[in-house]
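Below is one structure, written out as C-alpha cells; comments come after it.
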Protein chains: 2
Amino acid sequence: MATIKIGVLGAAKIAKKNIRGISFADRDIVEITAVGSRSLSKAQEFIQELQPYLKSEVKACGSYEEVLDLPDLHAVYIPLPSSMHATWVRKAAERGLHVLLEKPVATSSSDLAEILSVCKQHGVQLMDGTMWAHNPRAREMEAIIRDKEHFGSVLNVSSSFSFLGGEEFRAGNVRVKASGDPLGCLGDLGWYSVRAALWAFDYELPEYVTVHPGAVFNEEGVPMYLGATLIWPGEPRRRAILTCSFDLPFQQTLDVSGTLGSIYLRDFVIPSEERRSSFMSTSNHKQAFEDLTVRKEHEVLLSKPQETLMWEAFGRAVQNVQQGGLPDPLWIRLAELTQQVVLAIDHSAKIRAAVSVKTLAAHVNF
Amino acid sequence: MATIKIGVLGAAKIAKKNIRGISFADRDIVEITAVGSRSLSKAQEFIQELQPYLKSEVKACGSYEEVLDLPDLHAVYIPLPSSMHATWVRKAAERGLHVLLEKPVATSSSDLAEILSVCKQHGVQLMDGTMWAHNPRAREMEAIIRDKEHFGSVLNVSSSFSFLGGEEFRAGNVRVKASGDPLGCLGDLGWYSVRAALWAFDYELPEYVTVHPGAVFNEEGVPMYLGATLIWPGEPRRRAILTCSFDLPFQQTLDVSGTLGSIYLRDFVIPSEERRSSFMSTSNHKQAFEDLTVRKEHEVLLSKPQETLMWEAFGRAVQNVQQGGLPDPLWIRLAELTQQVVLAIDHSAKIRAAVSVKTLAAHVNF
C-alpha cells in the first residue's frame with residue numbers, strides 16, 4: 001500500500017508536535033510532504049525549524065490552496081483556527097483529500113453539519129486530533145472501567161484541563177479571539193475532558209449539560225474559565241464535572257469513579273513521559289471501623305508517542321479507503337459526539353441555564 | 001499534669017474509631033472514662049465491643065446527663081446528631097467540661113453562635129473532629145503550598161468526598177434526616193473539603209459561594225449530592241470546586257493548584273495507611289513543544305494514627321487550660337470558619353443563587 005502523503009495547512013505550534021510525531025511513524029503508513037502557510041517565507045522557516053523531524057523533501061507552499069492542489073497528496077492536517085475549519089474541510093474533501101482536523105472540530109452546529117456532510121459526500125476519512133485516545137493507556141483503562149464485576153457501574157467523571165495563559169496569550173492568541181476560536185478554553189481544553197466523559201460512559205450522550213455559575217469570558221465573549229456538570233439519563237444519576245481554563249495553572253486531570261473502584265491520572269492529555277504512561281486505580285476495602293482506599297499504579301509502555309500512534313491510525317484508515325474500503329465511522333462519530341456536547345455546554349454558558357443535549361443535537365445530527 | 005478524662009456522649013459508629021484512636025494516645029494526656037447512651041444496656045454493649053481498645057475501667061451510663069455529672073471528668077466527646085449539638089455543648093460547657101465536637105458543628109447560624117458563645121463564657125476548649133488536620137502530612141503539604149518561590153500562589157482547590165450509601169442508609173440513617181443532620185452530605189462530607197479549601201487559602205474566607213445546578217435533596221430536603229464553587233476576593237480569581245455526596249462511590253480527593261505547581265491526594269480524609277501517609281506534588285517543565293507535568297511522591301511516617309494525634313492535641317489544649325491558660329483560639333476559629341462556609345453553601349443551595357459569605361457571616365460572627 002502507498003504511504004499516505006500529508007499536507008499541513010498552517011504553521012501552527014500544534015503542527016510542530018504533530019510533525020515530530022509523524023517522524024516516528026512507520027514510513028509505510030504516513031509521511032509529511034508539504035507545509036502551507038500564509039506566506040512562503042513562513043512555510044520555509046517552519047520547515048527549517050522542523051528539519052530534524054522531516055525525513056524527505058517537504059514542499060513549502062505560500063498558501064493553503066497551493067497545498068490542496070499538489071499532485072500525489074492523500075490527506076491534509078488542519079491546525080487552523082476553528083472558525084476556518086468548515087471552509088478548509090470543504091475545500092479538502094471536494095478534492096478527495098482525507099482530513100485530520102484539530103479540535104474543536106467546529107464553532108457552530110451548522111459548521112459541524114457542513115463538515116460531516118461534505119466528508120460523507122466525498123467519502124473522505126475525518127478524524128479529530130484527540131491524541132490521548134490513541135495512547136494504549138486508554139485501552140488499558142477501558143478494560144478496567146468496563147469490567148463491571150470489579151469496577152461496578154461508572155457513576156462519575158471529573159476532569160480538569162487548564163493552563164495559565166500569560167498577558168501576551170490573553171491579549172493576542174487566536175484561541176481567545178471570537179473571530180478565531182470563539183469556543184475558547186471550552187473548545188481548546190474542555191474538548192478533551194468532554195471526550196473523556198463520553199468515553200467513560202461508553203459514548204452515550206448526556207441528557208443535560210449545565211454550566212456552573214462563575215464562568216469567565218473575555219471582552220470578546222470567549223470562554224476563559226468554565227465549569228460544567230453533565231448529567232446522563234436514568235438512575236442512579238451519572239455525572240461528569242469538567243473544568244477548563246486559560247487562567248489556571250497547568251493541570252490535566254481525569255477521574256472515573258465506578259460503584260466499586262476508580263481510576264485517575266494527572267496527565268491524561270499530555271503524558272508525563274512519551275514512552276511510558278501510567279495511571280492509578282483504586283479499590284475500597286473494609287478495615288477497622290471504616291472503608292479504606294487502596295491504590296495501585298498501572299504502567300503502560302509505548303513503542304511510539306501517542307501522537308505517532310494517532311497518525312498511524314489515521315494513515316491506516318486512509319489506506320483502507322484507498323483500497324476501496326469505507327471511512328472508519330468510529331472516528332467521525334467521536335468527533336461529532338464530542339462537538340455536540342461542547343456546543344451544548346457553550347449554549348448553556350450563553351443562556352445560563354441547563355441545556356438538553358438531545359434537543360440541541362437534533363439540529364446538528366442531520 | 002493530670003490525664004484528661006473523657007466522657008463520650010452517644011454510642012455512635014464514629015465514636016468507635018475515636019475510642020480506638022485514644023487507645024494509642026499517650027496515657028499522660030488523655031483517656032476514656034465513661035460512655036453514655038440512651039440506655040444503659042446500649043452503653044454496656046458498646047463498651048464490651050470496644051474492650052480491646054479500653055485500658056482502664058470505663059463507666060457505662062444510661063443517659064448523657066449522667067456522663068456530664070460524673071466527678072473527675074474533664075471533657076466530653078460529642079458524636080451526637082448535629083441538631084443536638086447546641087443543647088449538649090451548652091450543658092457540657094455550663095459544667096466546665098471541654099468539648100470535642102463532631103462535624104458539622106452546628107445546623108444553623110444561631111446554633112453556631114450559641115455554641116461559640118457558651119464555650120467562650122465558660123472558658124472551655126472547643127475543637128471539632130476534623131482528623132486530617134492533625135496528620136503531619138497536612139503540615140508537609142502546607143510547607144509546599146506556602147512556599148511561594150516554588151509553588152507560586154494558590155489559585156485553585158478541587159475536592160470531592162463521597163460514599164455510596166445503600167438503601168438502608170438512605171432510608172434510615174440519622175445523617176439523611178432533617179431532624180438529625182439537616183445539612184446531610186454537606187455537613188458530613190463537604191465539611192472536610194470546605195476545611196481543606198480554607199486551609200489552602202490560609203484561612204481567608206471566600207467572598208461568594210454558589211451551588212452548582214443539579215444538587216440532589218431527599219424527600220426531607222436533606223442534601224444528598226451537592227457541588228459548589230467558592231470564589232475568593234481579588235484577582236487573579238481564586239476558587240475551590242467541591243463536591244460531596246452520599247450517592248457516589250467512595251472518593252476522597254484533594255487537589256491544590258498553585259501558579260507553579262500542585263499537590264494532590266486521594267485519601268485526604270481517611271489515609272490509606274494509618275502509619276504512613278503520602279501525597280503527590282507536581283511541577284511543570286518545558287520539553288519539546290509543550291509543558292510536561294512531572295510528579296513526585298512524598299511520604300510521611302506517623303508515630304500514631306491521625307485521630308490519636310487529634311486527641312493528644314485536644315488533651316494538651318485542655319491541660320493547658322487546667323494549668324490556668326486560655327483555650328487555644330485556633331481550633332475554635334477553624335470550627336467557626338468552616339461552619340460559616342458550610343452554612344453559606346447550604347443557603348446557596350436553598351435560594352439557588354450565589355451567597356456572599358461575609359454578609360451571612362456578619363450574622364454568625366457575634
Side-chain angles (χ1 to χ4, degrees), chain A residues 13-14 16-17 20 152-156 158 160 162-164 208 210-214 216 225 227-229 231 236-237 239 241 243 245 247-253 255 257-262 264 266-267 270-274 280 282 284 287-295 348 353-354, chain B residues 13-14 16-17 20 152-156 158 160 162-164 208 210-214 216 225 227-229 231 236-237 239 241 243 245 247-253 255 257-262 264 266-267 270-274 280 282 284 287-295 348 353-354:
Chain A
K13 187 181 162 200
I14 184 76
K16 296 181 187 175
K17 178 174 178 169
R20 177 174 175 277
S153 308
V154 176
L155 285 190
N156 194 70
S158 300
S160 297
S162 60
F163 65 78
L164 206 54
Y208 290 100
T210 174
V211 164
H212 303 158
V216 176
Y225 167 85
T229 299
I231 299 178
R237 208 72 70 100
R239 297 183 188 82
I241 295 165
T243 54
S245 179
D247 283 338
L248 281 175
F250 183 53
Q251 197 181 23
Q252 38 162 342
T253 70
D255 286 52
S257 295
T259 42
L260 301 175
S262 73
Y264 64 95
R266 273 301 184 287
D267 61 347
I270 305 165
S272 296
E273 298 177 43
E274 273 193 344
M280 305 295 291
T282 67
N284 301 321
Q287 191 178 302
F289 302 114
E290 66 201 338
D291 284 351
L292 288 182
T293 303
V294 177
R295 54 183 196 166
S348 171
Chain B
K13 187 182 161 200
I14 184 75
K16 296 181 186 174
K17 178 174 178 169
R20 177 173 174 277
S153 308
V154 176
L155 285 190
N156 195 70
S158 301
S160 297
S162 60
F163 65 77
L164 206 54
Y208 290 99
T210 174
V211 164
H212 303 158
V216 176
Y225 166 85
T229 299
I231 299 178
R237 208 73 69 99
R239 298 183 188 82
I241 295 165
T243 54
S245 180
D247 282 339
L248 281 175
F250 183 53
Q251 196 181 23
Q252 37 163 342
T253 70
D255 286 51
S257 295
T259 42
L260 301 175
S262 74
Y264 64 95
R266 274 300 184 286
D267 61 347
I270 305 164
S272 295
E273 298 177 44
E274 274 193 344
M280 304 295 291
T282 67
N284 301 321
Q287 191 178 302
F289 301 114
E290 66 200 340
D291 285 351
L292 288 182
T293 304
V294 177
R295 54 184 197 165
S348 171

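Protein chains get the first letters and strands the later ones, always in sequence-line order, with residue 1 at the start of each.
The part of A:Ile241 that comes within reach of chain B is its side chain, from C-beta onward, which places non-hydrogen atoms under 4.5 angstrom from that chain. The contact between A:Tyr225 and chain B is made entirely by side chain atoms (from C-beta outward), counting heavy-atom distances below 4.5 Å. Both the backbone and the side chain of B:Leu155 come within contact range of chain A, each with at least one heavy atom under 4.5 Å from a heavy atom of that chain. In this structure, no portion of A:Pro236 lies under 4.5 Å from any heavy atom of chain B. With a 4.5 Å cut-off on non-hydrogen atoms, A:Val216 touches chain B through its side chain but not through its backbone. Within the 4.5 angstrom heavy-atom criterion, atoms from both the backbone and the side chain of B:Thr259 approach chain A. Interface remark: A:Ser262 contributes no atoms to any contact with chain B (heavy atom separation under 4.5 Å).
Of all heavy-atom pairs spanning A:Pro249 and B:Ser257, the tightest one is CG-CB, 3.9 Å.
Taking chain B as the reference chain and counting heavy-atom pairs below 4.5 Å, the highest number among A:Asp267, A:Leu248, A:Thr229, A:Asp247 is found for A:Leu248. Between chain A and the residues B:Arg295, B:Arg266, B:Met280, the largest count of heavy-atom pairs under 4.5 Å involves B:Arg266.
Listed by chain and residue number, A:Thr243, A:Gln251, A:Thr253 satisfy the side-chain contact (heavy atoms from CB on, under 4.5 Å) test with A:Ser160 (two or more places apart in sequence, or in another chain).
Between B:His212 and A:His212, the angle of the ring planes stays under 30°, which puts this pair in the parallel group of the 30/60° scheme.
The OG atom of A:Ser245 sits 10.5 Å away from the CZ atom of B:Arg237 when rounded to the nearest 0.5 Å.
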